[in-house]
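Scroll down for the structure; my scribbles are underneath it.
Lettering of chains follows the sequences in order, A, B, ..., and the numbering in each one begins at 1.
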Amino acid sequence: MSATLCVKLQRNQGWLPLIQSVRHGSKAVTRHKKPVHILKQKLIAVTQYIPPARTVPPGAYPSEEKHVQEDNEFVLLLKKNLEEVFEECKMIAVVQTNACSVDDMLMLRHRLCKHSIKIRFFPNQVMRSFLSNSVYSNMAPLFIGPTVLFVSKEPKVKEMMSALRVSPQMTLLGACIDNTLLSSQGVVSYAKLPSLTVVQGELVSGLTMLTSRTAFMLQRHPAHLSALLQQYIKQQSPDDGAEATPKAEEAS
Amino acid sequence: MAATSKSTVLLKAVKKITIQFCPFESNVRSTREFLALVGSEKVRSTNTNCEVISVVKHDKSEPVIDVTYVDGERLVMKGEWLTCREMLSAFQSRCKDKDPQIKAGAKK
């Protein structure tokens with residue numbers, strides 16, 4: 001630790017000063033960084049310069065508002081097509097294609113065309129931006145990667161499933177049938193549903209079952225009575241016939 | 001995307017690949033990309049005996065890729081937090097390890 005002693009010069013000139021500062025202890029100029037005394041540290045910390053916050057002049061940087069990109073005309077056309085597709089077609093299925101070869105695609109198209117199911121492709125971005133603005137926003141997470149739409153006006157699910165079973169690289173992700181979003185298992189169970197007439201017949205029979213049962217219950221007693229009487233008459237008439245013939249034989 | 005790294009995806013050592021995911025979840029992007037790469041015609045043609053099966057579920061389960069190799073080893077990758085590249089590199093490194101073994105075994 002160096003100690004600097006005050007220097008006081010005597011007024012008499014020519015005299016050597018009484019007090020002289022002597023450097024001793026550790027050196028002032030060192031090769032390593034000398035640890036700063038705690039008091040000096042505190043002083044420096046308290047008196048540190050804090051520059052004022054520099055405000056950005058208003059026109060310097062571009063504003064961070066989300067730029068609503070105007071769609072170009074091709075995108076608008078695609079969106080119009082999409083709107084028509086969603087309005088016309090009752091069944092829209094989303095299928096992931098894993099780089100099908102052209103031949104397989106052609107075969108699939110041919111098979112589906114027979115049942116008037118069309119294969120349509122739209123870019124994912126356009127699809128997602130369209131869906132986010134429409135009612136069908138829950139379909140948006142399906143459109144990742146290579147996807148293709150199977151659209152048809154009539155919900156012909158069985159034919160579609162059979163065509164998909166033949167081509168293994170197409171994966172059914174989900175479908176929107178009659179404005180209801182279905183998963184792949186939902187589509188499978190939809191395919192297994194019986195036709196509308198069968199279901200209606202079952203419903204009618206179920207509803208009328210109760211009324212028919214009550215009618216049957218009400219008529220059970222008179223029906224039973226009439227059956228018993230008929231049986232009695234049948235029994236009586238052969239007995240009468242049998243009695244009449246022996247009487248006739250006795251008489252004769 | 002990962003097209004350059006997949007140029008040598010060979011499925012010769014692979015018996016079956018099962019990919020199951022739930023498309024309505026938000027964590028399936030990498031799994032679907034992996035499926036798109038592995039299920040493409042080029043890659044399938046390297047080994048026609050290998051089956052690539054995709055199972056689509058709707059139960060909020062995590063996406064799983066299950067690879068069964070010819071020698072019975074299984075590689076299970078849970079794709080929820082993995083990127084497509086990581087999964088592909090893991091898969092390809094194991095395929096390459098197995099492939100020269102099979103070739104050496106065939107030569108012998």
Side-chain angles (χ1 to χ4, degrees), chain A residues 92-109 121 123-125 127-128 131-132 136-150 157 160-161 164-177 180-191, chain B residues 1-4 6-7 9 11 14-66 79-80 82-85 87-88 91:
Chain A
I92 299 164
V94 182
V95 172
Q96 174 159 349
T97 67
N98 304 317
C100 267
S101 66
V102 181
D103 304 330
D104 289 341
M105 275 305 271
L106 277 177
M107 290 298 296
L108 190 67
R109 259 181 212 264
F121 170 75
N124 280 346
Q125 268 192 341
M127 196 76 209
R128 260 183 262 155
L131 287 177
S132 57
Y136 308 96
S137 52
N138 287 331
M139 280 174 78
L142 292 178
F143 291 94
I144 294 176
T147 45
V148 134
L149 288 183
F150 287 6
V157 184
M160 190 181 75
M161 298 300 291
L164 283 176
R165 233 176 280 141
V166 177
S167 51
Q169 60 266 29
M170 315 280 268
T171 330
L172 177 69
L173 299 170
C176 176
I177 302 181
T180 22
L181 186 58
L182 296 171
S183 67
S184 61
Q185 286 140 3
V187 173
V188 166
S189 45
Y190 184 92
Chain B
M1 206 191 35
T4 48
K6 81 119 185 146
S7 56
V9 170
L11 298 177
V14 179
K15 197 167 139 191
K16 189 164 99 163
I17 303 178
T18 308
I19 303 180
Q20 62 184 38
F21 59 95
C22 169
F24 291 97
E25 292 289 310
S26 51
N27 52 6
V28 297
R29 191 186 192 99
S30 53
T31 315
R32 279 180 70 171
E33 287 167 2
F34 187 84
L35 171 65
L37 286 174
V38 164
S40 65
E41 282 302 310
K42 275 193 208 172
V43 173
R44 272 171 198 254
S45 60
T46 58
N47 182 1
T48 47
N49 294 330
C50 170
E51 305 169 346
V52 178
I53 300 168
S54 59
V55 179
V56 175
K57 290 191 188 173
H58 193 44
D59 51 2
K60 295 190 186 176
S61 59
E62 45 183 48
V64 174
I65 298 174
D66 189 350
E80 193 174 348
L82 295 172
T83 64
C84 182
R85 275 191 196 238
M87 293 200 277
L88 198 66
F91 175 64

Legend entry - Residues, nucleotides or ligands: over 12 heavy atoms within 6.0 Å of A:M107 CE: no
Legend entry - Closest approach of B:F24 to A:L173 (non-hydrogen atoms, all atoms of both residues): CE1-O, 4.3 Å
Legend entry - Listed once per pair and sorted, the ring pair (Phe, Tyr, Trp, His ring centres under 6.0 Å) pairs that draw on residues 33-54 of chain B, sequence neighbours left out: B:F34-B:F91
Inset, instruction - Applying side-chain contact (heavy atoms from CB on, under 4.5 Å), name anything that partners A:A175, two or more places apart in sequence or on another chain. - result: A:A93, A:I177, A:V187
Using only distance (under 3.5 Å, no hydrogens or angles), which donor-acceptor pairs connect chain B and chain A?
from	atom 1	to	atom 2	distance (Å)
A:Q96	OE1	B:R32	NE	2.8
A:Q96	OE1	B:R32	NH2	3.4
A:Q96	NE2	B:R32	O	3.2
A:A99	O	B:E41	N	3.4
A:L142	O	B:R32	NH1	2.7
A:L142	O	B:R32	NH2	2.9
A:I144	O	B:R32	NE	3.4
A:I144	O	B:R32	NH2	2.6
A:Q169	NE2	B:E41	OE2	3.2
A:T171	OG1	B:S54	OG	3.4
A:S184	OG	B:V56	O	3.3

Legend entry - Proximal component of A:L181, with respect to chain B [non-hydrogen, under 4.5 Å]: side chain
